[in-house]
Amino acid sequence: MKSEPDTYGLGDLEKEKTTLWDGIRNYQARNFMRSMKIGDQAFFYHSNCKPPGIVGLMQITATKIIDPTQFDSQSKYYDSKSTEINPRWDCVEVKYKGEFSNKLSLEDLKKLYTDEELKVVKKGNRLSIIPVERKTAEDLLLNLGKLI
DNA sequence: GCCAACGTTGGC
DNA sequence: GCCAACGTTGGC
């Protein structure tokens, strides 16, 4: 799950402990969130920064939550076409699990994994939520070191 | 700041 | 349903 550290970084989640992963306005990304289950783990990826890459670990603590920002006309995520009866956007709640002792930059990830093993390294991938195969995830956890 | 690689919108 | 125009993401 990607986020820009200037907007909401791993440090912000560490302070807050849990947060709603709201503001997702891409159907494919939304659908990936819908497939998540409570207890699932997720990598926190810092995007649009130097260097981009995986920095921490999270756990899904609640699913299928209606994204409140879609109804807030003051929010940049406001969607005038979404209704309370038929909301377009939902999200999950995540909990901070830790920061990796051996963070992996996008450059590192490209050296370690192919496009197919880890879709985030594929050129042109702009999705902010991308599934990771269990096998790759287990290997990533070994390469990322300890949680600090 | 540039631009590739998308996704979305809206006229037809 | 097609597609041109436009907007966004995000690495570089």
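The chains referred to below are lettered A, B, ... by the order of the sequence lines, with proteins before strands, and numbering in each begins at 1. Note that these values count all heavy atoms, side chains included, but never hydrogens, waters or copies made by symmetry.
- Going from atom NZ of A:Lys2 over to atom P of B:dC6 covers 12 Å, rounded to whole Å.
- Contact check, A:Lys123 against C:dG11: no side-chain N or O comes under 4.0 Å of OP1 or OP2.
- Across the protein-nucleic acid pair, A:Lys122 atom NZ and C:dG11 atom P stand 16 Å apart, rounded to whole Å.
- Contact check for A:Asp90 versus A:Arg30: side-chain heavy atoms found under the 4.5 Å cut-off.
- When the side-chain nitrogen and oxygen atoms of A:Tyr45 are compared with OP1 and OP2 of C:dG11, one or more of them lie within a distance under 4.0 Å.
- You'll find the side chain of A:Phe100 reaches within 4.5 Å of the side chain of A:Leu141, heavy atoms only.
- A sub-4.0 Å separation between OP1 or OP2 of C:dC12 and a side-chain N or O of A:Lys110 is present.
- Comparing C:dT8, C:dG10, C:dC12 by their closest approach to the side chain of A:Arg126 singles out C:dT8.
- At whole-Å resolution of the value, CD1 in A:Ile24 and P in C:dT8 are 16 Å apart.
- Computed from coordinates, the A:Leu127 CG to B:dT8 P distance equals 10 Å when rounded to whole Å.
- A:Asp108 has its CG atom 15 Å from the C1' atom of C:dG11, to the nearest Å.
- Atom-to-atom, CG of A:Leu106 to P of C:dT9 comes out at 18 Å; the value is rounded to the nearest Å.
- In this structure, A:Arg25 and A:Gln70 have side chains that are in contact, with non-hydrogen atoms separated by less than 4.5 Å.
- Distance alone, capped at 3.5 Å, places no donor-acceptor pair between the A:Asn143 side chain and the A:Leu140 backbone.
- Rounded to whole Å, the distance from CD1 on A:Ile130 to P on B:dG7 is 12 Å.
- Remark: P of C:dG7 and CG of A:Asn26 are 18 Å apart, rounded to the nearest angstrom.
- Closest approach to the A:Lys81 side chain among B:dT9, C:dC12, B:dT8 is made by B:dT9 (side chain taken as heavy atoms from C-beta onward).
- Checking A:Asn48 against A:Gly124, the closest nucleotide of DNA chain B that is more toward the 5' end is the one next to A:Asn48.
- Side chains of A:Lys76 and A:Thr69 form no contact here, defined as non-hydrogen atoms less than 4.5 Å apart.
- Map A:Tyr27 and A:Asn125 each onto its nearest nucleotide of DNA chain B; the residue landing nearer the 5' end is A:Asn125.
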